[in-house]
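One-based numbering, in listed order, for ligands and for the atoms of each.
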Amino acid sequence: MLVCALLAAAPAFAQDATSAQPWMDAGQSPDARAALLVAAMTQDEKFALIRSRFAIGEKKPEEALTAAGYVAPIPRLGIPAQSLVDAGLGVTNPGGARTGDHATAMPSGPMTASTWSRDIAFKGGETMGREAWRQGFNVLLAGSVNLQRDPRNGRNFEYAGEDPLLAGTLVGESIRGVQSQHVLSTMKHYALNDMETARNTHSAEIGDRAMHESDLLAFHVAIEIGQPGSVMCSYNRINGTYGCEHDELLNNVLKRDWRYPGYVMSDWGGVHSASKAANAGLDQQSAGEVFDKAVYFDVPLRMAVGAGVVPQTRLDDMVHRILRSFIAIGAFEHPPQRQPVDAALDAIGFDVAQRTAEAGAVLLRNENGVLPLAPGVRRIAVIGGHADTGVIAGGGSSMVGWTSRGTSAVTGVQPTTWPGPVMFQPSSPLLALREALPDARIDYADGRDRAAAARLAREADVAIVFATQWAAESVDLPDMRLPDGQDALIAAVAAANPRSVVVLQTNGPVELPWIDVVPGVLQAWYPGIRGGEAIARLLTGAVNPSGHLPVTWPVDVSQLPRPTIPGLGFNPAQKPEDTIDYDIEGANVGYRWFSAKGLTPRYAFGHGLSYTTFATSDLQVRADGERIVARFTVRNTGERDGVAVPQLYVHLPQGHATPLRLAGWDRIELEAGETREVEVALAPRLFADYHPNDRSWRIAAGDYTVALGQSAIDTGERAALTLPARRLD
Ligand code: BGC
């Protein structure tokens with residue numbers, strides 16, 4: 001009865017609230033509501049909104065949840081608190097300080113990108129958004145979309161590979177998923193924070209056109225799809241200017257050319273000035289009292305506004321942008337409700353993580369049918385990688401350290417402090433294999449004793465080595481090699497048993513010096529909380545692999561644009577340089593570099609095997625008004641159901657600086673023998689060039705070739721297309 005009475009009274013109450021506080025009228029646009037609010041605010045209230053506080057450690061505001069950031073509410077005006085939590089691979093719980101809070105540890109960014117699935121990326125974002133909301137947060141510091149320019153970047157595991165269209169599309173979908181839960185997502189780190197070494201000072205040097213056709217294109221695509229409430233500017237400098245005081249990137253590109261209506265927040269420790277940053281387009285300083293030299297967006301900015309160095313209209317714009325973003329995602333109407341973990345929802349999150357891992361693992365090599373494991377296999381040797389207890393994860397602010405399965409399955413691995421501890425999600429591939437194959441004898445050797453591992457391998461029908469490479473925020477990898485003698489272990493096992501399989505759990509591509517003697521290789525990235533189960537299902541064939549590389553897999557560092565970079569790794573012998581010259585490859589990131597240089601990688605961008613085979617035919621490409629559309633037929637020519645990922649690449653007219661670009665793809669489930677006609681809309685921007693002089697994207701009149709294939713170098717059919725000159729909006 002009481003509930004009914006309350007419900008009946010609600011609309012009247014809401015109306016009263018709206019007339020006193022007209023910005024609460026959800027029928028108005030976010031901009032109209034934000035404008036009303038700004039007009040009602042005092043100067044102090046405005047200043048309170050443009051800086052967040054660090055909510056970890058001594059200076060944590062008492063009422064804040066322990067997490068990356070907090071801005072107090074303004075109850076007088078009905079403005080909610082801003083509660084910020086990391087990051088893009090699940091909801092973190094730094095040091096486990098929020099007792100009882102746990103989340104789904106999602107697979108790494110490149111693993112989600114390897115699915116090439118918009119739907120899977122969205123569901124991952126939706127899961128993270130829901131879990132953030134139920135833990136009391138309304139901002140998730142997600143949406144990491146820096147391009148992979150070098151496999152040694154320690155943060156590649158947070159990103160989505162090397163291609164602007166693929167990375168931008170899938171990260172955009174993930175952002176959309178987060179925000180569908182009334183949790184604002186960032187997109188970060190804008191821009192060119194593509195290496196961690198000296199990240200707080202180094203300058204990424206790159207020309208305008210190259211920047212727009214690579215990293216900035218990924219950001220732009222992600223913004224168009226995801227409409228993130230906030231963009232996080234990066235630590236590094238770009239052509240000499242810090243990301244968080246970069247007038248050209250923030251004001252001109254992001255806010256004017258792209259018409260971005262949201263706000264720019266700084267990375268933690270990324271602010272170096274008050275008026276310069278504010279006038280350049282920074283809207284909110286993050287945790288300056290802990291990470292920056294000064295809380296620039298308090299007293300120094302008040303003085304600058306008072307003196308007219310920063311116009312009052314600019315301060316109002318900062319506040320407007322922040323408020324309109326929270327209004328737009330429904331944060332005013334749907335404030336987060338902190339509540340106990342719901343076991344059923346937790347299981348749904350774990351299922352999403354498992355499905356992502358199953359669709360994102362990439363079968364790199366499969367000779368002599370070594371995989372899937374034969375149903376009658378009697379004896380299996382499982383070796384190394386702590387496969388008896390877990391799967392590895394990356395380190396730093398994005399690390400999800402607490403799930404409903406507890407914390408790390410392995411302790412004591414160095415480093416145990418920032419950017420560690422080294423985390424192994426409790427999800428044992430060994431136990432999952434034993435469960436999947438109850439009639440097989442499956443023994444485990446930890447791999448520390450190479451001879452013992454080889455002995456075990458010799459006695460088995462098949463030997464599976466689990467190899468790991470840990471990577472973390474704030475430090476790059478010194479090289480492309482598997483650490484701790486794992487290459488020698490794999491070689492010893494392969495010498496003992498020709499039916500060997502290597503399951504890699506890495507940040508990304510590593511050298512594979514033993515590849516000729518190992519018939520099976522599965523790239524399992526950092527596979528998240530159900531990684532062990534997913535790997536077992538892929539190895540046994542319960543799931544048919546369908547992941548495709550979102551990065552080129554070089555043979556070794558000699559094929560990279562910068563084979564040697566000083567200062568990489570922990571305690572480097574050489575000092576890092578002040579600048580990184582990205583003009584070496586410019587817009588030719590990854591497969592475009594390999595194509596332009598005529599290099600053959602170990603595995604091409606887009607590569608990924610299946611337990612079945614596919615054929616494509618009847619490619620037709622036509623321009624249909626503003627659209628460019630490809631039609632073709634895909635057929636599953638094998639004996640098993642599977643998922644094809646046909647890819648369409650544009651070959652630019654002869655002599656073009658960027659010879660090859662991914663312009664579209666699809667992901668299609670096909671039963672054994674099934675044929676399907678497919679239509680894929682290609683992205684016109686991938687046919688166009690960026691012209692810095694008039695800041696336009698233009699397609700040059702000419703003859704283009706569109707190639708259909710299963711990787712950037714395995715393309716079969718081609719179709720010609722003649723396009724007239726056209727300027728894109
Ligand atoms: C990282 C960001 C992160 C922030 C807050 C920074 O060190 O670069 O990605 O969101 O910290 O923890």
Legend entry - Proximal ligand 1 atoms for Glu473, defined as those under 4.0 Å from one of its heavy atoms: 1 (C), 6 (C), 7 (O), 8 (O)

Inset, instruction - Provide the number and element of each atom of ligand 1 under 4.0 Å from a heavy atom of Lys188. - result: 2 (C), 3 (C), 9 (O), 10 (O)

Inset, instruction - Answer yes when Lys255 and Asp247 have at least one side-chain N-carboxylate O distance shorter than 4.0 Å, and no when they do not. - result: no

Inset, instruction - Would you mind listing which atoms of ligand 1 come within a distance below 4.0 Å of any non-hydrogen atom of Met232? - result: 10 (O)

Legend entry - Heavy-atom gap Glu158 to ligand 1 smaller than 4.0 Å: no

Legend entry - Identity and separation of the nearest protein heavy atom to atom 6 (C) of ligand 1: Asp267 OD1, 2.9 Å

Legend entry - Pair Arg118 + Glu173, salt bridge at N-O below 4.0 Å: no

Legend entry - Donor + acceptor pair across side chains of Asn156, Asn153 (<3.5 Å): yes

Inset, instruction - Provide, to 0.1 Å, the distance between atom 3 (C) of ligand 1 and the closest protein heavy atom, together with that atom's residue and name. - result: Asp86 OD1, 3.4 Å

Legend entry - Centroid-centroid distance, Trp116 to Phe605, less than 6.0 Å: yes

Inset, instruction - Using distance alone, decide if ligand 1 has a nitrogen or oxygen within less than 3.5 Å of any nitrogen or oxygen in Trp268. - result: no

Inset, instruction - Record the part of Met265 in heavy-atom contact with ligand 1 below 4.0 Å; permitted values are side chain, backbone, both and neither. - result: neither

Legend entry - Per-atom contacts of ligand 1 with His189, taking only distances under 4.0 Å to non-hydrogen atoms: 2 (C), 8 (O), 9 (O)

Legend entry - Atoms of ligand 1 close to Ser397 [distance to a heavy atom under 4.0 angstrom, numbered from 1]: 1 (C), 3 (C), 12 (O)

Legend entry - Those atoms of ligand 1 less than 4.0 Å from some heavy atom in Leu141: 10 (O)

For a quick test of your reading: what N or O donor-acceptor pairs under 3.5 Å do the side chains of residues 62-72 make, sequence neighbours left out?
from, atom 1, to, atom 2, distance (Å)
Glu63, OE2, Tyr70, OH, 3.2

Inset, instruction - State, without any angle test, whether Gln339 and Arg134 hold a side-chain donor-acceptor pair at a distance under 3.5 Å. - result: yes

Inset, instruction - Mind checking whether Arg199 contacts ligand 1 via backbone (N, CA, C, O), side chain (CB onward), both or neither, at a 4.0 Å heavy-atom cut-off? - result: side chain

Legend entry - Side-chain H-bond candidate by donor/acceptor type, Arg155 with Ser144, under 3.5 Å: no

Legend entry - Asp581 bridged to Arg562 by N-O distance under 4.0 Å: no

